[in-house]
*Asks:* 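Sharing a structure below in structure tokens format, with a few things to ask.
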Amino acid sequence: MTILIKNANEVITLKSNIQGPRTKEQMREIAVVENGSVLIEADHIVAVGALDQLEVDFPDLVKKAETIDASGKIVMPGLVDCHTHLVHGGTREQEFNMRLNGSTYMEIMNAGGGIHATTKRTRETSFEDLYEKTMQHLDVFLKHGVTTVEAKSGYGLDWETEKKQLEVAKQLQATHDIDVVSTFMGAHAVPRDYKGREDEFVDVVIKDMLPKVAELELAEFNDVFCEKGVFTPEQSQRILEAGKALGLTPKIHADEIEPYKGAELAAEVGAISAEHLLVASDEGIKKMAEAGTIAVLLPGTAFFLRAPFARGRLMIDEGVPVAISTDFNPGSSPTMSLPFIMNLACMHMGMTLEEVLTATTINAAYALNRGEQIGSLEADKKADVVILDVANYKQLQYFYGMNHTHTVIKNGQVVVQNGILLKD
Ligand SMILES: O=C(O)CC1=NCN=C1
Ligand SMILES: [Zn+2]
């Protein structure tokens, strides 16, 4: 199908000659085309520019195109949510209430709640029920303009359930419009029955789980919760190195609750990204900048746990490429609203309106090794495009706490129109 999105007030292209994630002032260069149009053929973008120029350059395509009038609105690349714990059973609102009454996240986890509570529910939930529940989550993401989402396992902590989570994600990648990118996170917590035998569980992850993940091609990335009371930097390094040897790109949950040199470890092992970083050290930030490690910042978790926000402004100024994400999970960030996360990044991490657009498109795409295929509106890139019902991009965060998504085009097909999901 040929689509012409015409006469948008602004097309936020994120177009650039830079190869790789954007850093420093590059994060502010979002390459806006005023009064622009976008020409799409099949599943890819043909061109972006003024309508009369597209009519000259591509007369046949423009003639046969289905047109979408975007006047009064803006157009941008589909959002990329590069850090979620998408596939999980149950909910944890009761823990939310406990925290409002004075308990802490780690107290609840050490008492058998937190990740362990969700692990129990995920083990009990059938493949079919997990599939249906996750399908509904993906529908919500799509209505918020997200066209690619990362999905971590990590609520099984035993092979059968880790495999079940990854197979749900893989099945949804095949059946749902949204693109799902899988990360194995068998090292999300030490299961209760391995308490005091943590290194034995690390061996289970390395010797029993990782080889099967690679052999069954169930994930592209391997992640670990490097945190005081969970996995030490040494254990985390063993797990990430083992994944690398099997072709799984390392990611790391780092410096979320206590400073633990997770950022330093990310740079040392060549992780594509370090995630959370609420209490990352100056040294760790410096080493990430030198190594080109992407910082995936999760202000929703800081907001929901009433914890300090990551130093996003400093990281950008120090040359760390920054992406932001919902961290959607039932415990520390139960939200699928990436637009709200963008607002938190502006209000609490000192990021600009342009930087949060870069952080949820091209930089988030690079955090998933997809920066060459998605994350900007350029010729031959995937036609993942969102039309938003605001007059200019500055209004996206000005009218905050709202979903401004009007139309979503995924792989060149209209999947959301006027905010309504077009389910086939
Ligand atoms: O609490 C959860 O379920 C998710 C989480 N993993 C690491 N930090 C938060
Ligand atoms: Zn997380």
Side-chain angles (χ1 to χ4, degrees), residues 81-96 98-99 103-123 125 133-134 137 149-157 161-162 165 169 181-192 219 221-231 236 239 250-258 260 262-263 266 271-280 294-308 310 323-336 338 341 364 367-368:
D81 198 334
C82 63
H83 179 130
T84 85
H85 303 260
L86 179 74
V87 184
H88 58 264
T91 57
R92 286 170 25 207
E93 63 275 23
Q94 73 287 1
E95 291 184 7
F96 171 51
M98 287 165 71
R99 287 207 308 277
S103 300
T104 69
Y105 175 89
M106 286 309 287
E107 281 169 354
I108 294 168
M109 182 170 172
N110 293 333
I115 293 169
H116 302 300
T118 300
T119 298
K120 181 173 182 302
R121 291 297 302 277
T122 307
R123 288 176 174 178
T125 307
K133 181 172 187 278
T134 311
H137 294 159
V149 66
E150 185 248 16
K152 302 176 191 293
S153 70
Y155 288 121
L157 309 184
T161 313
E162 289 297 318
Q165 284 183 275
V181 181
S182 292
T183 295
F184 169 69
M185 192 172 183
H188 192 194
V190 178
R192 309 276 293 158
F221 303 97
N222 176 35
D223 195 341
V224 56
F225 190 10
C226 179
E227 183 68 51
K228 197 174 243 174
V230 193
F231 294 99
S236 303
I239 290 162
K251 285 178 175 283
I252 179 169
H253 276 56
D255 303 316
E256 177 183 357
I257 297 164
E258 304 263 353
Y260 210 34
I272 193 169
S273 57
E275 326 212 338
H276 282 291
L277 300 169
L278 275 62
V279 286
I294 298 170
V296 175
L297 305 183
L298 310 163
T301 307
F303 164 78
F304 202 62
L305 296 183
R306 292 182 289 187
I324 60 175
S325 160
T326 59
D327 186 21
F328 172 57
N329 74 79
S332 61
S333 189
T335 183
M336 287 169 264
L338 191 49
I341 299 301
L368 299 180

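Computed from a predicted model, the values in this text were never measured in an experiment. Order of listing sets the numbers, starting from 1, for every ligand and every atom in it.
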*Asks:* If we only count N/O pairs under 3.5 Å, is His188 in contact with ligand 1?
*Replies:*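 Indeed, backbone or side chain, His188 has an N or O that close.
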*Asks:* So does Glu256 get a backbone contact from the side chain of Glu227, meaning a donor-acceptor N/O pair under 3.5 Å?
*Replies:*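 At least one qualifying donor-acceptor pair exists.
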*Asks:* Do any of the N, O or S atoms of Asp223 sit under 2.8 Å from the Zn ion (ligand 2)?
*Replies:*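 Checking the Zn ion (ligand 2) against Asp223, no N, O or S atom falls under 2.8 Å.
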*Asks:* Quick check on contacts: which atoms of ligand 1 are under 4.0 angstrom from a heavy atom of Glu256?
*Replies:*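 Heavy-atom distances to Glu256 below 4.0 Å select 7 (C), 8 (N), 9 (C).
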*Asks:* Which of the numbered atoms in ligand 1 are below 4.0 angstrom from a heavy atom of Asn329?
*Replies:*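 Contacts of ligand 1 toward Asn329, numbered from 1: 1 (O), 2 (C), 3 (O), 4 (C).
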*Asks:* Are side-chain heavy atoms of His137 and Thr84 found at a separation under 4.5 Å?
*Replies:*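 Not touching, per the 4.5 Å side-chain cut-off.
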*Asks:* Closer than 4.0 angstrom: is that true for some heavy atom of Arg92 and an atom of ligand 1?
*Replies:*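 It does, in that a heavy atom of Arg92 comes within the 4.0 Å cut-off of ligand 1.
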*Asks:* Look at ligand 1 and say whether Gly114 reaches it with a heavy atom at a distance under 4.0 Å.
*Replies:*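 Per 4.0 Å heavy-atom rule, Gly114 does not contact ligand 1.
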*Asks:* Tell me which one of Tyr105, Phe328, Phe304 gets a heavy atom nearest to atom 1 (O) of ligand 1.
*Replies:*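 Among Tyr105, Phe328, Phe304, the closest heavy atom to atom 1 (O) of ligand 1 belongs to Tyr105.
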*Asks:* Arg99 versus Leu305: any side-chain heavy-atom pair under 4.5 Å?
*Replies:*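 Yes, close enough: below the 4.5 Å cut-off.
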*Asks:* Check whether any N or O atom of His85, backbone or side chain, sits under 3.5 Å from an N or O atom of ligand 1, and answer yes or no.
*Replies:*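 Between His85 and ligand 1, no N or O pair is found under 3.5 Å apart.
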*Asks:* His276 versus Asp327: any side-chain heavy-atom pair under 4.5 Å?
*Replies:*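 When only atoms from C-beta onward are counted, Asp327 and His276 do touch, with a gap below 4.5 Å.
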*Asks:* Mind checking whether Tyr155 and Pro330 have side chains closer than 4.5 Å, heavy atoms only?
*Replies:*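 Of all side-chain heavy-atom pairs linking Pro330 with Tyr155, at least one is under 4.5 Å.
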*Asks:* Test of geometry: compute the angle OD1(Asp327)-the Zn ion (ligand 2)-NE2(His253) and round it to 10°.
*Replies:*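 Between OD1 of Asp327 and NE2 of His253, at the Zn ion (ligand 2), the angle is about 170°.
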*Asks:* Hey, do the aromatic rings of Phe328 and His88 have their centres closer than 6.0 Å?
*Replies:*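 Between Phe328 and His88, the centre distance is under 6.0 Å.
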*Asks:* Can you find a heavy atom in the side chain of Lys152 that is under 4.5 Å from one in the side chain of His83?
*Replies:*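 Heavy-atom side-chain distance check passes, below 4.5 Å.
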*Asks:* With a cut-off of 4.0 Å, which atoms of ligand 1 are near a heavy atom of Tyr155?
*Replies:*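 Selected atoms, number and element: 2 (C), 3 (O), 4 (C).
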*Asks:* Pull out every atom of ligand 1 sitting under 4.0 Å from any heavy atom of Ile115, numbered as shown with elements.
*Replies:*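 Every atom of ligand 1 under 4.0 Å from some heavy atom of Ile115: 1 (O), 2 (C), 3 (O), 6 (N).
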*Asks:* Taking N, O or S atoms only and a limit of 2.8 Å, check whether His276 reaches the Zn ion (ligand 2).
*Replies:*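 Of the N, O and S atoms in His276, none lies under 2.8 Å from the Zn ion (ligand 2), which means no.
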*Asks:* Using atom types as modelled and distance alone, determine if a side-chain donor or acceptor of Lys251 lies under 3.5 Å from a backbone N or O of Met185.
*Replies:*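 Not at all, since once roles are kept as given, no pair shorter than 3.5 Å links the two residues.
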*Asks:* Vertex the Zn ion (ligand 2): angle to NE2 of His83 and NE2 of His85, to 10°?
*Replies:*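 Seen from the Zn ion (ligand 2), NE2 and NE2 are separated by roughly 110°.
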*Asks:* For Lys133, look at atom NZ and say whether over 12 heavy atoms of other residues, nucleotides or ligands are found less than 6.0 Å away.
*Replies:*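 Yes - once you tally the heavy atoms of other residues, nucleotides and ligands closer than 6.0 Å, there are more than 12.
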